[in-house]
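Below is one structure, written out as structure tokens, with a few remarks after it.
Excluded from the calculations below are hydrogen atoms, water molecules and symmetry mates; all remaining heavy atoms, backbone and side chain alike, are included. Below, read A as the first sequence line, B as the second, and so on, with proteins coming before strands; counting in each chain starts at 1.
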There are 4 protein chains.
Amino acid sequence: MAKTQERSRSRRQRVLDAALATFAERGYSDTAIDEVARASETSKGGLYFHFPSKQALFLALLDEMSQALLRRVTEAMAAEPDPIARGEIALREVLRAFGEHRLLARLLLVEAVGAGREFHARLNEINAAFADLIAGCLDEAVARGQLPPHDTRIAAYAWYGAINQIVLRWLATGEPARLEDAFPTLRDLFLYGVRGAAKDGRS
Amino acid sequence: MAKTQERSRSRRQRVLDAALATFAERGYSDTAIDEVARASETSKGGLYFHFPSKQALFLALLDEMSQALLRRVTEAMAAEPDPIARGEIALREVLRAFGEHRLLARLLLVEAVGAGREFHARLNEINAAFADLIAGCLDEAVARGQLPPHDTRIAAYAWYGAINQIVLRWLATGEPARLEDAFPTLRDLFLYGVRGAAKDGRS
Amino acid sequence: MAKTQERSRSRRQRVLDAALATFAERGYSDTAIDEVARASETSKGGLYFHFPSKQALFLALLDEMSQALLRRVTEAMAAEPDPIARGEIALREVLRAFGEHRLLARLLLVEAVGAGREFHARLNEINAAFADLIAGCLDEAVARGQLPPHDTRIAAYAWYGAINQIVLRWLATGEPARLEDAFPTLRDLFLYGVRGAAKDGRS
Amino acid sequence: MAKTQERSRSRRQRVLDAALATFAERGYSDTAIDEVARASETSKGGLYFHFPSKQALFLALLDEMSQALLRRVTEAMAAEPDPIARGEIALREVLRAFGEHRLLARLLLVEAVGAGREFHARLNEINAAFADLIAGCLDEAVARGQLPPHDTRIAAYAWYGAINQIVLRWLATGEPARLEDAFPTLRDLFLYGVRGAAKDGRS
DNA sequence: AATGAATGAGTCTTCATTCAT
DNA sequence: GATGAATGAAGACTCATTCAT
């Protein structure tokens, strides 16, 4: 049993690995199931034994990757009590994660976007999960009086979009050479923006 | 000749209109050339007379739409001498434009992204053009001493990404009901962020 | 136009001819669309231009063939005023038609039967049409007093089934060598059966 | 051993039961071996232990069912010395059997027919066996002088086909509500048909 | 310029069968 | 005997593109 399960897991995992490489490299539509099968050293039938359809495979991959990233960021934030510092940690960790895994970045920020209507709902959930992470920090900071009240949802999405675009630029142009180098600029942009917006008590 | 040209232009335009509707609605890969032909009340052959391939059509559409948007924003900014006020105008105008044209927003921010490798270069150019618009304002403001020196490229991309994400959220969830309503929050976020970031002489 | 239509017709007809040969020869499920395409000297895409699916092609073929047969029999019956004589003509004509076209017989009596749920409704309509032909003769003969009243529907279906089985036997065993030779026996079986059944005033 | 054999038999039987239900319901081609395995609460491997192939399973099912029916009819006829009465008993028993087992009727009269070339030979044997049953009665009746000499083979097949068609109509339309109700009409149709055909000494 | 029938390579998916455990 | 993961050949269908008219 254990062995079978292990083998099965490894096969399933091999397929997911291959799927990440292939989908991130060529995009959802331009990737043939045969390519994923070949890349995972499986037969097409074997692949279909583990995933009922191309769409389901892509969805599973999306879930797997986004949850792993979310977990990584959440864990990095866990120890820090200060909400603003937590936000900084989240930002740095995301930049690190994407900086280390180009494929992850391509998958989540590029290929998942235009993959088709079927994936919009899931992608929105993923986006919401990350935005929630940020919004949570902001809300807590507001509650603590560290930040003035403001529309934390919009702010969270704006931050999130800002990060993504920096990552996209890095993917496209290779700048900055080390993605993490964007951290201080982004942090200051975010931080003093939020504080500043509060300073004058703008709604 | 004039008539022919005009007719031809109108035919070409009809195709582009239909392409916008169809590509934005169903995505690049899921759109069949037949659909565009049908929607533009042309034949497939007629369509191929004006555009040599599906890819060329999509590219032409991308150019057309992004340039129109760029023109609209540039024109709105033209009269304003103050660079920071110009930036605000740009922001509001973009939100207005997308708010009025869902399809435009979907095309540029969703469907163009995952459409395939072939379009990445062009999309980067488009992104760069918009980021340049913002970076131009920032640079001028810095030159005038209205803003402290900072990495205006990163800031410009971050702004740009923030706006896009707000638009994406609006596309997905319908919030805020009027996209333009996000303007004040975004503006303050940007403005005081940049100023604030400068205040402490960021590293 | 005329030429195009003619060519189109001929192409469509070529496909139907090939479909008859292939489906009747190998059965619905065991026939690949490629085979029909090859047999009709068309490309697969060309075939799909004229028929939207394998199922639709089979259905069209079924309609075409059954209606042609129905028309042939109806026309043969047209001139005869006596209903019983008309019934005999129908019987002979059906035997002739099937005897001349093995493929027709195989298609309608064998391959259409087990082709799948999707075809049951249509097949029932076809069966009903033929049974109606017979029932019509019987009903008129009863109205004229040439036959005693009886359950003409059941009788019609029984006749119809009897004919089919004789044809099936001929297909399978080659007996009788000339299918038409079964005519006198069948006719007498039918005729005196119906008459005789009436004699005793059956319930 | 005995236990094993019994268990084995019951397993085999479970598979056959499931096969009947599935094949009769969905047809030969549209039935996947997995479905049969699932329906019989076995694994695919287990199924293949008892039957070497899908085809062999279907063939075994066909044999099993047709022989059971044949046995049932034969046994019902056994006690009756009069050949014509025996024929009537056969007719009634067949109608009863099919009326009680829709699946049996569907299997033998519908799904077995278009299942493919591979089954034609077996189906012909089955048909011949039933026709022989009828032909036997007719021949004996002729020998006894109860019926005039006639082509008993053709008559037998015609009867047989007539019955089948009535059953098919019942399967398709639900008429007559109780299949057995068709008995008197069919019997009279057959009986007086054969007699009548003989009366005038038509060849 | 326009049409739309035709092409054929390419795609996803199914499924009978095998075999290591 | 039983299991179910794996195989891979085969099949229905799509669609960008071409071209005779």
Side-chain angles (χ1 to χ4, degrees), chain A residues 1-5 7-12 15 29-37 41-57, chain B residues 4-5 7-8 11-12 29-38 41-57, chain C residues 1 3-5 7-8 10-12 15 29-37 41-57, chain D residues 4-5 7-8 11-12 29-38 41-57:
Chain A
M1 295 302 143
K3 201 139 178 203
T4 301
Q5 220 176 5
R7 239 220 268 158
S8 172
R9 191 209 315 265
S10 85
R11 176 77 61 137
R12 203 190 125 96
V15 171
S29 293
D30 290 350
T31 293
I33 277 289
D34 300 70
E35 293 180 74
V36 180
E41 292 177 320
T42 317
S43 64
K44 222 185 310 194
L47 193 155
Y48 270 92
F49 181 81
H50 291 287
F51 302 93
S53 68
K54 185 185 181 183
Q55 179 176 333
L57 171 59
Chain B
T4 301
Q5 217 174 9
R7 243 208 269 151
S8 171
R11 173 78 59 136
R12 202 189 127 93
S29 293
D30 290 351
T31 293
I33 280 289
D34 296 74
E35 295 179 75
V36 180
R38 209 176 309 126
E41 293 176 319
T42 319
S43 65
K44 235 187 306 197
L47 195 154
Y48 269 91
F49 178 79
H50 291 289
F51 301 93
S53 69
K54 187 186 180 183
Q55 180 176 332
L57 170 59
Chain C
M1 298 301 140
K3 201 146 181 196
T4 300
Q5 219 174 11
R7 239 220 265 158
S8 170
S10 85
R11 177 75 61 135
R12 203 190 125 96
V15 171
S29 293
D30 291 350
T31 293
I33 278 289
D34 299 69
E35 294 180 76
V36 181
E41 292 177 320
T42 317
S43 63
K44 218 188 309 193
L47 193 156
Y48 271 93
F49 181 81
H50 290 288
F51 302 93
S53 68
K54 187 185 181 184
Q55 179 176 334
L57 170 59
Chain D
T4 301
Q5 216 175 10
R7 243 208 270 152
S8 170
R11 174 80 58 136
R12 200 189 130 95
S29 293
D30 290 352
T31 293
I33 280 289
D34 297 73
E35 294 180 77
V36 181
R38 208 175 311 127
E41 292 175 319
T42 319
S43 65
K44 238 189 304 196
L47 195 154
Y48 269 91
F49 177 79
H50 291 289
F51 301 93
S53 69
K54 186 185 182 185
Q55 180 176 333
L57 171 58

Nucleotide forming a Watson-Crick or wobble pair with dA20(F), both distances under 3.5 Å: dT3(E)
Exercise: identify the closest heavy-atom pair between Thr42(D) and Arg11(D): CG2-NH1, 3.1 Å
Residue met sooner reading DNA chain F from 5', once Gly45(B) and Ser53(C) are mapped to nucleotides: Ser53(C)
Where Arg12(D) and Phe51(D) come nearest, the two heavy atoms and their spacing: NH1-CE2, 3.6 Å
Listed nucleotide nearest any side-chain atom of Ser43(A), set dT17(E), dT7(E), dG8(F): dG8(F)
Greater than 12 external heavy atoms within 6.0 Å of Gln55(D)'s CD: yes
Rounded distance (Å) that lies between atom P of dG11(F) and atom CG of Leu47(C): 15 Å
Spacing between Phe49(B) atom CZ and dT17(F) atom C1', to the nearest angstrom: 16 Å
Position toward the 5' end of DNA chain F (nearest nucleotide), Asp34(C) or Gly46(D): Gly46(D)
Nucleotide dG11(F), atom P - distance to CD of Gln55(C) in whole Å: 18 Å
dA2(F) phosphate, OP1 or OP2, under 4.0 Å from His50(D) side-chain N/O: yes
Spacing of Arg38(D) atom CZ relative to dA16(E) atom P, expressed in whole Å: 12 Å
Spacing between Arg12(B) atom CZ and dA2(E) atom P, to the nearest angstrom: 13 Å
Whole-Å distance separating the CG atom of Leu57(A) from the P atom of dT13(E): 10 Å
Along DNA chain E (nearest heavy atom to each residue), the more 5'-positioned of Ala32(A) and Lys44(B): Lys44(B)
Residue pair Ala37(B) / Lys44(B): nearest heavy atoms and the distance that separates them: CB-N, 3.9 Å
OP1 or OP2 of dA6(F) under 4.0 Å from side-chain N/O of Arg11(A): yes
Minimum-distance pair of heavy atoms, taken over all atoms of Asp30(A) and Glu35(A): O-OE2, 3.5 Å
Sugar-phosphate, base or nothing in reach of Thr31(B), heavy atoms under 4.0 Å: sugar-phosphate
First of Asp30(A) and Thr42(C) reached from the 5' end of DNA chain E, by closest nucleotide: Thr42(C)
Integer-rounded Å distance: dA16(E) P and Tyr48(A) OH: 17 Å
Whole angstrom value for the distance that separates C1' of dA10(F) from NZ of Lys54(D): 14 Å
